Protein chains: 2
Amino acid sequence: MTKARTEARTRRRGGELLRSIHAAVLAELAEVGLGRLTMEGIARRAGTAKTSLYRRWASPHDVLLDAIHDEHPEEAASPAADDLRGDLLRALQQLVAWMQTPTAAAAAAIVAERKRYPELAAALYERVFDARGGRFTLTVLRHYAAHGQIDARRITPVVADIGEALVLKHALDADAPPSDEQLAAIVDEAILPAIGLGLDRPVTAR
Amino acid sequence: MTKARTEARTRRRGGELLRSIHAAVLAELAEVGLGRLTMEGIARRAGTAKTSLYRRWASPHDVLLDAIHDEHPEEAASPAADDLRGDLLRALQQLVAWMQTPTAAAAAAIVAERKRYPELAAALYERVFDARGGRFTLTVLRHYAAHGQIDARRITPVVADIGEALVLKHALDADAPPSDEQLAAIVDEAILPAIGLGLDRPVTAR
DNA sequence: CGATTAAGATACGTCTCCGTAGCTTAAATA
DNA sequence: TATTTAAGCTACGGAGACGTATCTTAATCG
């Protein structure tokens, strides 16, 4: 008697199976967390056999690293027009969009537990954060500084981090990314004043 | 023959034992993470019997909640002198000091995994973040606004978060809290400009 | 001091995951 | 089509944690 289970007759190989496994490990990470990632769990979710995983990877973390490596988005930084405020806003919107990616969720989990799994964190920085520029608003700020529209001396490490830091903090506090209005407030009330382009009064009534 | 193990002759009870268990669960959390907290691990580390834990708590998370509840620091906000910059700096220093606390490490772990363990996160906010004011720089800003030294309309939610957000981001990026010089840069380059007290040129050469 | 309370020690069956072995069989390749 | 390659399936002993039960005994209280 053949098995005749629900698993049908088709046997996936190579790329198709690989993509399924990558999706499975990211989903598993989101559900059970980094500390409970397990070969059995990944195999279950991917609908494959544990032995097939062990043929390619030695541990759940190795599977995860491969998944992160292959799924990273790799989008370019925003090209700057002649609209500093709009470009800053778009840069933060790109950041928010990326934050809702499965890869970003995985990255957050890894960063949060970096003390426990330093190799994972190191690989993450190497393969994701360094690969994509990382810096969202900094790209914009440098562009306008290069064109003499803002004082280059104002673009300190602290100033370059303001936008990202506030988006991050908002996401942590509210458990949701900031809205476009909140992004605008970040630009108007924090970033622009820091580069010497503050308005005389708050833009958002409050 | 009695056991004569290293565990000596003294049997701890009540408060002493409880404190040991609280320390154990925080240490265990730091070492293995929230997803791998285990009654056996806590018992081992506290040098007590698993059965003694089950008599009081139903799960590792319950032990952890008790520990957080009892260990929270509860320090008061900085009293404001007539030195806005200095008070902001001191507020951020208080934040940095708290971040190095075991309770803060536990809080970070819980916040990072709040999607997975929402009851834990809820309890954390209730028992820690609400209990202590939470807001470090906000207390200072409100004080000076009340005394008319800064424009109250400038103190928006975004502006109130700038200091904390940058400290947090620095800690995440560098895996270490910011130094006093870096705190000063945060105050001078981000917070003060946002409340309309920016200097004409950057304070820290860079 | 005697009685009561709470902690320590041990043991148990059950689960889940570990990593590996062996075999079968579908898919790709020559 | 025949062969090779890679995936699926099942099973195993080992480890660690689960939650509970039982018994002993130290600490505390009346």
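Values in this document were obtained by computation on a predicted structure and should not be read as measured data. First the proteins, then the strands, lettered A, B, ... as listed; each starts at 1.
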> Is the side chain of B:Glu164 donor-acceptor paired with the backbone N or O of B:Thr137 at a distance under 3.5 Å, no angle test?
Replying inline: yes

> To the nearest angstrom, how far is A:Asp62 atom CG from C:dC18 atom P?
Replying inline: 13 Å

>> So, does A:Arg56 get its side chain near the phosphate of D:dA6, meaning an N or O under 4.0 Å from OP1 or OP2?
In response: no

> Between A:Thr101 and A:Ala104, is there a donor-acceptor pair closer than 3.5 Å when you use the side chain of the first and the backbone of the second?
Replying inline: no

> Listed in order of residue number, which residues of residues 33-51 of chain A have a non-hydrogen atom at under 4.0 Å from DNA chain C?
Replying inline: A:Thr38, A:Met39, A:Glu40, A:Arg44, A:Lys50, A:Thr51

>> Quick test of your reading of the model: are A:Asp175 and B:Lys115 salt-bridged, counting only N-O distances below 4.0 Å?
In response: yes

> So, A:Thr38 side chain and A:Gly41 main chain: donor-acceptor pair closer than 3.5 Å or not?
Replying inline: no

> Do any N or O atoms from the side chain of B:Gln182 and from the backbone of B:Ser179 form a donor-acceptor pair under 3.5 angstrom?
Replying inline: yes

> Please give, in whole Å, the distance from C:dG19 P to A:Leu53 CG?
Replying inline: 12 Å

>> Without decimals, in angstroms, what is the distance between A:Glu16 CD and D:dG8 C1'?
In response: 15 Å

> Given the rule in the side-chain contact (heavy atoms from CB on, under 4.5 Å) test, do B:Asp188 and B:Arg85 qualify, once you have shown the distances and angles that lead to the verdict?
Replying inline: CA-CA 8 Å; B:Asp188 293 330; B:Arg85 183 175 182 278; 2.7 Å; yes

> Heavy atom of residues 112-121 of chain B under 4.0 Å from DNA chain D: which residues?
Replying inline: none

>> How long is the straight-line distance from OH of B:Tyr144 back to CG of B:Asp82, given to the nearest 0.5 Å?
In response: 5.5 Å

> For the pair made of CG in A:Leu17 and P in C:dA26, what is the distance, rounded to whole Å?
Replying inline: 17 Å

>> Rounded to whole Å, how long is the line connecting atom CZ of A:Arg19 with atom C1' of D:dA7?
In response: 16 Å

>> For a quick test of reading the model: is some side-chain N or O of B:Thr10 closer than 4.0 Å to OP1 or OP2 of D:dA27?
In response: yes

> Which whole-number value in Å describes the distance from B:Trp57 CH2 to C:dA6 P?
Replying inline: 14 Å

> Taking the side chain of A:Arg12 as heavy atoms from C-beta outward, which of C:dC18, C:dA6, D:dG8 is closest to it?
Replying inline: D:dG8

Output a table of donor-acceptor pairs, distance under 3.5 Å, between side-chain atoms of residues 22-35 of chain B and any protein atom two or more places apart or on a different chain; print 'none' if there are none.
from	atom 1	to	atom 2	distance (Å)
B:Glu28	OE1	B:Arg45	NE	2.6
B:Glu28	OE1	B:Arg45	NH2	3.2
B:Glu31	OE1	B:Arg45	NH2	3.0

> A:Arg55 has a side chain; which of D:dA26, D:dG8, C:dG8 sits nearest to it?
Replying inline: D:dG8

>> Within this structure, what is the CD-CG distance for the pair B:Gln93 and B:Asp87, rounded to the nearest 0.5 Å?
In response: 11.0 Å

